[in-house]
S.K.: 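Here it is: the structure, laid out below.
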Amino acid sequence: PTHQTSNETGIWRVTWASRTRRGNSHKANDDAVLALGVHPEITQTLAPDGEELLDPIHLVLTVSDGMGGGNAGEFASRLIMSWIKRHARELYQTFNQPTQDASPLTDLLVSAHQGINQLAAEANNLKGMGATVTLAWLTPGTLHLAHIGDSRLYLCRDGATTQLSEDHVRVWRRFQKGEIKEYQYRTHPSRSALFDVLGGGHRSIHPQLLSHPIQSGDRLLLCSDGIVDGLWERNVAEELAAEGNPRTIADQILALAANSDGRDDCTLIVADICGL
């Protein structure tokens with residue numbers, strides 16, 4: 001997609017498509033995905049595929065990958081989505097300020113983290129449950145990111161793709177610094193060892209927070225690690241730069257990831273941003 005650098009009208013349209021698929025080695029899908037329209041009066045769960053103008057609505061796109069024995073992972077990721085839905089409206093006025101950064105999302109994740117740990121402590125079958133969260137809060141002109149774990153947010157702009165989120169995995173940091181190659185990182189035994197996660201019995205969390213200006217023509221990809229298992233970095237970049245609407249691109253990425261690996265649950269959202 002190509003972009004125009006300015007948006008004279010100040011009106012933004014976001015078109016998105018979300019997909020999720022249970023992994024071949026899983027009995028249940030531990031991933032969860034959410035598109036939420038946040039309005040001063042109401043918060044609405046939006047369709048998996050949709051289109052919205054970013055005024056007055058704010059669009060919240062979220063991917064979560066749950067972990068824990070039995071059905072604890074599935075429960076954790078869905079619990080987080082319902083928590084976000086319940087508390088998003090409280091943040092609407094805050095994010096309506098043009099100078100606002102992503103910091104208000106900290107409290108949202110911290111309270112969800114405490115709630116998950118509390119539930120896990122009260123029920124043996126939920127012991128140790130936790131989840132990743134990658135949340136993009138879109139307002140006119142700005143993307144606010146709150147992220148924890150190894151689900152991801154990519155931005156494709158002018159055909160170049162950047163990973164905006166950071167994997168909370170030590171081996172990933174070594175890969176980013178160039179200490180190890182992508183193949184070594186992908187096959188490393190500690191690749192899935194998260195040092196930060198929502199819940200999981202961790203006492204505290206340190207989510208990544210980021211505010212990033214959006215431009216017309218930007219394309220976003222939010223995805224769980226099941227997508228990354230099946231796609232090398234160059235594949236992700238090629239797919240996001242390809243021509244097509246979010247539905248087509250989401251279908252292509254999901255099919256590629258599932259055919260290449262497919263053991264883990266695969267979840268993604270592709271969103272195109274257009275300044276009118």
S.K.: Donor-acceptor pair, distance only, cut-off 3.5 Å: does the side chain of N245 make one with the backbone of T248?
M.R.: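 Indeed, once roles are kept as given, a pair shorter than 3.5 Å links the two residues.
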
S.K.: Between T106 and S103 (side chain of the first, backbone of the second, donor and acceptor by atom type, cut-off under 3.5 Å), is there such a pair?
M.R.: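 Flag set: sc T106 to bb S103 pair under 3.5 Å.
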
S.K.: Going by distance alone, is a donor N or O of one side chain under 3.5 Å from an acceptor N or O of the other, for D167 and Q163?
M.R.: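 On atom types as modelled, these side chains qualify, holding a pair under 3.5 Å.
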
S.K.: If hydrophobic clusters are built by linking Ile, Leu, Val, Met, Phe, Trp and Tyr wherever their side-chain heavy atoms come under 4.5 Å apart, do L105 and W83 end up in the same one?
M.R.: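 Both belong to a single hydrophobic cluster.
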
S.K.: At their closest point, which heavy atom of A257 faces which heavy atom of C266, and how far apart are they?
M.R.: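 Heavy atoms only, the tightest pair is CB-SG, 4.3 Å.
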
S.K.: Sequence neighbours left out, what passes side-chain contact (heavy atoms from CB on, under 4.5 Å) with S77? Give chain and number order.
M.R.: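 By the side-chain contact (heavy atoms from CB on, under 4.5 Å) rule, S77 matches A32, S64.
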
S.K.: Start with the C-alpha distance between H58 and F95, add both sets of side-chain angles, then the distance that settles ring pair (Phe, Tyr, Trp, His ring centres under 6.0 Å), and finish with yes or no.
M.R.: CA-CA 9 Å; H58 293 174; F95 280 119; 7.2 Å; no

S.K.: Linking I/L/V/M/F/W/Y whenever their side-chain heavy atoms sit closer than 4.5 Å, directly or via other members, would L222 and I214 fall into one cluster?
M.R.: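 Yes, L222 connects to I214 through the hydrophobic network.
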
S.K.: Less than 3.5 Å apart, any donor N or O on the side chain of D107 or H87 sitting next to an acceptor on the other?
M.R.: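 Result is no, nothing qualifies.
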
S.K.: Side-chain contact test, heavy atoms from C-beta onward, threshold under 4.5 Å: evaluate it for L46 versus L36 and give yes or no.
M.R.: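 Contact flag for L46/L36 side chains = no.
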
S.K.: Decide, yes or no, whether a salt bridge links D251 with R19 under the criterion of side-chain N to carboxylate O below 4.0 Å.
M.R.: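 A salt bridge is present here (some side-chain N lies under 4.0 Å from a carboxylate O).
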
S.K.: With heavy-atom distances below 4.5 Å as the criterion, would you say the side chains of I205 and L109 are in contact?
M.R.: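 Side chain of I205 against side chain of L109, heavy atoms only: contact under 4.5 Å found.
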
S.K.: Could you check whether D65 and S224, counting side-chain N and O atoms only, form a donor-acceptor pair closer than 3.5 Å?
M.R.: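 No - no donor-acceptor pair under 3.5 Å links their side chains.
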
S.K.: Counting C-beta onward and ignoring hydrogens, is there a side-chain heavy-atom pair between L220 and L155 closer than 4.5 Å?
M.R.: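 Yes, at least one pair of side-chain atoms sits under 4.5 Å.
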
S.K.: Kindly confirm or rule out a cation-pi arrangement of R174 over Y185, judged by NZ or CZ under 6.0 Å from the six-membered ring centre and within 45° of its axis?
M.R.: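 Here R174 fails the 6.0 Å and 45° test against Y185.
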
S.K.: Is it true that D265 and R22 make a salt bridge, defined as a side-chain N closer than 4.0 Å to a carboxylate O?
M.R.: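 Answer for the salt bridge query: no.
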
S.K.: Working note: T20 + N29, criterion side chain to side chain donor-acceptor pair (under 3.5 Å); need CA distance, chi angles, decisive distance, verdict.
M.R.: CA-CA 8 Å; T20 187; N29 188 343; 2.9 Å; yes

S.K.: Can you find a pair of side-chain heavy atoms, one from L231 and one from L256, that are under 4.5 Å apart?
M.R.: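 Heavy-atom side-chain distance check passes, below 4.5 Å.
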
S.K.: State plainly whether one hydrophobic cluster holds both V133 and V60, where clusters connect Ile, Leu, Val, Met, Phe, Trp and Tyr through side-chain heavy atoms under 4.5 angstrom apart.
M.R.: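 V133 and V60: one cluster.
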
S.K.: Given side chains that start at C-beta, do those of Q100 and W137 come closer than 4.5 Å, heavy atoms only?
M.R.: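 A side-chain contact is absent here, since even the closest heavy-atom pair is not under 4.5 Å.
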
S.K.: To the nearest 0.5 Å, tell me how far Y154 OH sits from R219 CZ.
M.R.: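 With rounding to 0.5 Å, OH (Y154) is 15.0 Å from CZ (R219).
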
S.K.: To the nearest 0.5 angstrom, please state how far the CG atom of L145 sits from the CG atom of L210.
M.R.: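 Result: 5.5 Å between the selected atoms.
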
S.K.: Does anything in residues 193-213 pair up under side-chain hydrogen bond (donor to acceptor under 3.5 Å, both in side chains), and if so which pairs, sequence neighbours excluded?
M.R.: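 Qualifying pairs: H144-S211.
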
S.K.: Out of the candidates L194, D264, V169, only one should pair with D225 under the side chain to side chain contact (heavy atoms under 4.5 Å, CB included) rule; please name it.
M.R.: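 Of all the options given, the one that passes is D264.
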
S.K.: Answer yes or no: is there a side-chain heavy-atom contact under 4.5 Å between L61 and L135?
M.R.: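 Result no, sub-4.5 Å side-chain heavy-atom pair not found.
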
S.K.: Rounded to the nearest 0.5 Å, what's the gap from CZ on F175 to NE2 on H188? Could you check?
M.R.: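 Interatomic distance, F175 CZ to H188 NE2, rounded to 0.5 Å: 13.0 Å.
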
S.K.: For residues L34 and I80: do they belong to one hydrophobic cluster (side chain heavy atoms under 4.5 Å, members Ile, Leu, Val, Met, Phe, Trp, Tyr)?
M.R.: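 Shared cluster, yes.
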
S.K.: Do any N or O atoms from the side chain of N96 and from the backbone of Y92 form a donor-acceptor pair under 3.5 angstrom?
M.R.: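 No.
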
S.K.: Examine distances only and state if a side-chain atom of T132 and a backbone atom of G149 form a donor-acceptor pair shorter than 3.5 Å.
M.R.: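 Side chain of T132 to backbone of G149, a donor-acceptor pair under 3.5 Å: no, none is there.
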
S.K.: Backbone N or O of R263 within a donor-acceptor pair of the D261 side chain at under 3.5 Å?
M.R.: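 Yes.
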
S.K.: Heavy atoms, side chains only, cut-off 4.5 Å: are C274 and T15 in contact?
M.R.: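 No, every pair of side-chain atoms sits at 4.5 Å or beyond.
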
S.K.: Report the C-alpha distance between R173 and H168 in whole Å, list the side-chain angles of each, state the deciding distance to 0.1 Å, and finish with yes or no for side chain to side chain contact (heavy atoms under 4.5 Å, CB included).
M.R.: CA-CA 8 Å; R173 300 225 158 141; H168 291 144; 4.2 Å; yes

S.K.: Does a side-chain N-to-carboxylate-O contact under 4.0 Å join D229 and R191?
M.R.: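 Yes, D229 and R191 are salt-bridged.
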
S.K.: Fit a plane to each ring of Y183 and W232, take the angle between them on a 0 to 90° scale, and name the class: parallel (under 30°), tilted (30 to 60°) or perpendicular (over 60°).
M.R.: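 Taking W232 first and then Y183, their aromatic rings lie parallel (interplane angle under 30°).
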
S.K.: Less than 4.5 Å apart, side chain to side chain, heavy atoms only: is that true for W12 and I273?
M.R.: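 With C-beta onward as the side chain, the pair touches.
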
S.K.: Could you give the distance from CG (D218) to SG (C156), rounded to the nearest 0.5 Å?
M.R.: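 Here the interatomic distance stands at 8.5 Å.
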
S.K.: Taking 4.0 angstrom as the limit, do E182 and R234 come out as a salt bridge?
M.R.: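 Salt bridge flag = no for R234 with E182.
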
S.K.: Find out if a path of hydrophobic residues (ILVMFWY) with successive side-chain heavy-atom gaps under 4.5 Å connects L59 to M81.
M.R.: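 No.
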
S.K.: Report the distance from atom NE2 of H113 to atom CD of Q118, rounding to the nearest 0.5 Å.
M.R.: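 The distance works out to 11.5 Å.
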
S.K.: Taking atom OG1 of T62 and atom CD1 of I84, what is their separation to the nearest 0.5 Å?
M.R.: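 If I round to the nearest 0.5 Å, the distance is 4.0 Å.
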
